[in-house]
Amino acid sequence: MKVSEMLIPTLRETPAEAEIVSHKLLLRAGYIRKTASGIYTYLPLGIRVIKKIMNIIREEMDRQGGQEMLMPIIQPAELWHESGRWDVYGPELMRLKDRHNRDFCLGPTHEEVITTLVRSEINSYKQLPQLLYHIGNKYRDERRPRFGLMRGREFIMKDLYSFDRDEEGLDKSYQKMYQAYTNVFNRCGVTFRPVEADSGAIGGSTTHEFMVLADSGEATILYCDSCDYAANVEKVSVPAAGLDPTFEKLELQEVATPGAHTVEQVTEYLNVDQHQIIKTLIYKTDKEIVAALVRGDRELNEIKLYNALNCLTLDLANAKTVEKVSGAPVGYAGPVNLKEDIRIIVDPEVAGMVNGVTGANKGDAHFINVNPERDFKIDLIEDIRMVAAGEKCPSCEGVLQEARGIEVGQIFKLGDKYSKQLKANYLDEGGKENPIIMGCYGIGVGRTMAATVEQNHDDNGIIWPVSIAPYHAVVVPISTKDENQVKLADNIYGKLLENNIETVIDDRKERPGVKFKDADLIGYPVRIVVGKKAVEESMVEIHNRNTGETINVSTEEVISTVQKLLFAK
Ligand code: ATP
Ligand code: MG
């Protein structure tokens with residue numbers, strides 16, 4: 001196409017709304033525009049990239065035996081009541097009513113739709129296994145939509161669902177998807193790492209997230225420096241060190257700590273180490289209020305706590321609630337003599353502590369020599385803490401390191417969670433009814449696009465991997481007033497198209513500097529400049545966006561050189 005006839009609204013200034021590089025560049029280079037918070041329009045260049053990523057995904061799903069279909073965005077509430085998720089999903093589920101006042105939602109995911117479909121269409125072991133997928137819009141009313149396509153409220157996802165007769169079949173389907181995801185992200189040209197993860201609200205057991213490594217990533221990954229262990233920090237669990245039996249348990253004592261209520265202030269005031277403090281956090285779930293205890297030098301892991309409590313919602317209690325259950329101002333709650341009898345959940349490190357320090361449930365006072373079991377009741381001992389970089393690897397003697405990641409895909413073994421609930425069964429050879437064993441597998445298409453930009457850019461703009469670039473090449477005539485140059489540029493443009501090289505020609509009546517700036521910003525992998533030398537000496541300039549190199553080649557060699565730059569392995 002001719003750039004003069006295209007809608008590529010590049011911007012010189014960075015829009016104030018954008019915080020991270022990919023968001024800034026996708027706006028500036030004219031790929032996307034915001035329609036509402038977390039809701040975007042893909043402009044002509046944007047949708048070309050999206051379609052290329054979709055096609056890579058399609059090819060890799062199909063290669064593993066995936067079958068494409070298309071499910072509706074609008075889903076009836078009954079399906080969600082049946083699965084029990086209408087309430088679990090909470091405010092993230094976008095709900096609506098039709099003219100008959102019937103409830104619907106905009107699908108945030110499609111387990112309900114597909115499982116009920118399979119329930120009616122599959123009855124026999126002979127029809128299994130199946131791998132079914134679609135690519136479409138998903139809707140989640142995210143608490144904090146941000147970073148452009150990274151965390152939208154409307155976004156494009158590929159979701160595949162596997163249906164097998166048993167766990168062994170599921171293992172095979174899961175392996176296939178693991179391989180397909182590896183191929184997809186390799187082909188998209190990103191550096192990524194599959195990591196073990198928590199299965200969260202969706203349920204199920206084994207799950208991996210595919211993380212594109214980038215400092216702007218919202219996820220923290222811990223990986224081992226000597227084996228191949230890697231996991232989302234939410235998931236990492238290491239055994240607590242055993243009790244030191246040589247410590248003598250001293251007598252519980254209340255001490256005054258005027259003004260000291262943070263861990264730092266208390267350690268300083270009492271001259272103790274942070275790891276001697278028992279941090280007491282009051283949480284409110286949909287069912288109860290609990291106290292959760294971790295060591296003073298640790299962070300509580302809300303995902304672990306959520307799983308341990310088997311609740312639907314979990315939030316830190318507000319000051320009023322804390323004051324009510326502890327009987328003290330915020331900062332002085334502790335497990336000894338809590339005013340209200342609530343469940344106390346204790347991290348193993350705290351359970352094994354000798355002579356700890358806690359709030360005394362009154363202002364400006366703490367207990368020292370606190371010994372769990374002896375001094376307060378324990379309702380549940382459960383790993384509820386965050387593991388940090390520098391700790392020992394859970395699977396070898398190595399040390400854990402930290403990196404940031406963008407979750408571009410996730411694969412889950414669901415087992416029979418949905419099929420049992422929704423009664424999706426099959427009959428085996430013996431005529432016995434069994435639940436179908438399921439897996440689900442998602443890729444964020446827009447997030448993959450944004451993550452690619454996070455990893456592939458420089459100060460001048462985007463550097464697309466050839467596989468997903470909106471166009472392969474741009475031809476730039478230096479002077480649009482010079483008829484010979486224009487003719488020659490047109491000629492080269494035509495030849496590139498004939499050779500299936502996706503090319504645009506920048507025929508705008510702009511200065512060359514403006515065109516070069518736009519070309520760099522947009523990130524065409526190859527730029528072919530047709531200037532004076534082209535007319536006089538039959539030489540054109542070819543610029544490689546990735547390496548920054550410029551070479552001069554004769555007009556005859558343009559096609560072969562561009563092909564080599566783009567497609568040579
Ligand atoms: P996150 O933890 O980032 O909220 P998730 O674990 O809830 O994501 P999944 O349900 O696993 O997301 O969805 C599959 C994929 O869809 C994710 O790996 C991600 O690439 C993409 N995705 C999820 N939520 C969004 C969103 N709000 N905007 C863009 N892409 C998203
Ligand atoms: Mg996920």
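Atoms within each ligand, like the ligands themselves, are counted from 1 in listed order.
The residue from G444, G152, C440 that puts a heavy atom closest to atom 15 (C) of ligand 1 is G444. Of the candidates Y40, F147, F210, F155, the one placing a heavy atom closest to atom 26 (C) of ligand 1 is F155. With M150, K138, R140 as candidates, the residue nearest to atom 7 (O) of ligand 1 on a non-hydrogen basis is R140.
Between G446 and ligand 1 there is no heavy-atom distance shorter than 4.0 Å. Heavy atoms of V408 approach ligand 1 to within less than 4.0 angstrom. Using a 4.0 Å cutoff on heavy atoms, T448 does not count as a contact of ligand 1.
Of all the heavy atoms of D159, none lies under 4.0 Å from any atom of ligand 1, so neither backbone nor side chain is involved. In E407, the parts holding a heavy atom less than 4.0 Å from any atom of ligand 1 are both the side chain and the backbone. When heavy-atom distances to ligand 1 are checked against a 4.0 Å cut-off, M157 comes that close only through its side chain, counted from C-beta outward.
A donor-acceptor pair shorter than 3.5 Å cannot be found between the side chains of T220 and E402. Y426 and D164 share no donor-acceptor pair across their side chains, judged by distance under 3.5 Å alone. Under the 3.5 Å distance criterion, with hydrogens and angles disregarded, no donor-acceptor pair is assigned to the side chains of T10 and R28. A donor-acceptor pair shorter than 3.5 Å can be found between the side chains of Q130 and Q67.
Of all heavy-atom pairs spanning C396 and C227, the tightest one is SG-SG, 3.7 Å.
The Mg ion (ligand 2) is the vertex of the angle joining OE2 of E407 and OE1 of Q410, which measures 110° to the nearest 10°.
Close approach to L149 involves these atoms of ligand 1, each under 4.0 Å from a residue heavy atom: 29 (C). Using a 4.0 Å cut-off to heavy atoms of Q410, the atoms of ligand 1 that qualify are 6 (O), 11 (O), 18 (O). Annotation for ligand 1: atoms under 4.0 Å from non-hydrogen atoms of E142 are 24 (N), 26 (C), 27 (N).
Results of the side chain to side chain contact (heavy atoms under 4.5 Å, CB included) test with I57 over E68, K52, K158, R187 single out K158 as the only residue that passes. Applying the side chain to side chain contact (heavy atoms under 4.5 Å, CB included) test between T452 and each of S467, S22, P465 identifies P465 as the sole match. The ring pair (Phe, Tyr, Trp, His ring centres under 6.0 Å) test with W80 singles out one residue from Y418, Y89, W86, and that residue is Y89.
Not a single N or O atom of I443, backbone or side chain, sits closer than 3.5 Å to an N or O atom of ligand 1.
Salt-bridge annotation for D458 and R545: present, with a side-chain N of the basic residue lying under 4.0 Å from a carboxylate O of the acidic one.
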